[in-house]
Amino acid sequence: AAVQALDRHDLMMVGDGHNDLFVIDGIEYTSNTVRIYNRWGQLVFESSNYRNQWNGGDLPDGTYFYEVVLQHKKDDPYTGHVTILRNGWR
């Protein structure tokens, strides 16, 4: 199962009805672990067998960093960043 490359910048404009979830195409077809960290490296979200459900929770606007570990590629995780904008994006 292929997972779309995650080397791009992702933007979540929570509340706009279109970009409310952190979506990883194809993630549902493979065993995985997804971790999200804040800019200080603190873990703010973790999920085994992630299924595109993360909406940023109660986290403030800002840039967060993700790590996606696929079971068949444990030594080569996908990493990148996602920006959450809730207020003032209109």
Side-chain angles (χ1 to χ4, degrees):
V3 174
Q4 182 176 352
L6 295 174
D7 58 354
R8 68 190 192 293
H9 172 79
D10 287 289
L11 179 65
M12 291 174 55
M13 296 171 74
V14 177
D16 74 348
H18 300 286
N19 300 306
D20 293 339
L21 298 172
F22 180 56
V23 175
I24 303 169
D25 292 335
I27 196 76
E28 62 273 9
Y29 303 113
T30 185
S31 296
N32 65 77
T33 300
V34 172
R35 294 181 187 95
I36 310 282
Y37 300 90
N38 65 18
R39 63 182 175 168
W40 296 284
Q42 297 168 317
L43 184 67
V44 297
F45 175 82
E46 182 174 28
S47 176
S48 294
N49 294 317
Y50 181 72
R51 296 296 182 252
N52 296 321
Q53 75 270 23
W54 188 62
N55 65 1
D58 294 330
L59 294 173
D61 291 4
T63 299
Y64 296 84
F65 302 89
Y66 61 78
E67 175 185 53
V68 178
V69 179
L70 304 179
Q71 183 171 345
H72 67 282
K73 292 181 72 176
K74 288 183 180 180
D75 295 331
D76 190 21
Y78 293 95
T79 60
H81 62 280
V82 58
T83 300
I84 297 175
L85 296 176
R86 295 178 202 279
N87 302 315
W89 56 268
R90 294 180 191 203

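Positions are given from 1, in the same order as the sequence printed here. Side-chain atoms are counted along with the backbone in the values below, which use heavy atoms only and exclude waters and symmetry mates. Bear in mind that the values here come from a model prediction, so they are computed numbers and not experimental data.
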Tell me the closest heavy-atom pair linking [X] and [Y], and the distance in Å.
X: Pro77; Y: Val69; answer: CB-CG2, 3.9 Å
X: Gln53; Y: Phe45; answer: NE2-CZ, 4.2 Å
X: Tyr50; Y: Ile27; answer: O-CG2, 3.7 Å
X: Asn55; Y: Leu21; answer: CB-CD2, 3.7 Å
X: Thr63; Y: Thr83; answer: OG1-OG1, 3.4 Å

Which residues share a side chain to side chain donor-acceptor pair (under 3.5 Å) with [X], sequence neighbours left out:
X: Thr33; answer: none
X: Asn49; answer: none
X: Glu46; answer: Arg35

When the ring planes of Trp54 and Phe22 are compared, do they come out parallel, tilted or perpendicular, using 30° and 60° as the limits?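 Trp54 and Phe22: perpendicular rings.
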
Do Leu59 and Phe65 belong to the same hydrophobic cluster, where Ile, Leu, Val, Met, Phe, Trp and Tyr are linked whenever their side-chain heavy atoms lie under 4.5 Å apart, directly or via other members?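 No, no single cluster joins them.
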
In terms of hydrophobic clustering (I, L, V, M, F, W, Y; side-chain heavy atoms under 4.5 Å; direct or indirect links), are Ile84 and Tyr37 co-clustered?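 No; tracing contacts between hydrophobic side chains, which count when under 4.5 Å, never links both residues.
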
Interatomic distance, [X] atom [atom1] to [Y] atom [atom2] [nearest 0.5 angstrom]:
X: His81; Y: Tyr64; atom1: NE2; atom2: OH; result: 13.5 Å
X: Ile24; Y: Tyr78; atom1: CD1; atom2: OH; result: 10.5 Å
X: Arg51; Y: Asn32; atom1: CZ; atom2: CG; result: 5.5 Å

Given a cutoff of under 4.5 Å between side-chain heavy atoms of I, L, V, M, F, W and Y, with clusters grown through shared members, what are the other residues clustered with Trp40? none

Applying salt bridge (charged side-chain N to carboxylate O under 4.0 Å, His left out), which residue pairs with at least one partner in residues 70-85 are found, sequence neighbours left out? Lys73-Asp76

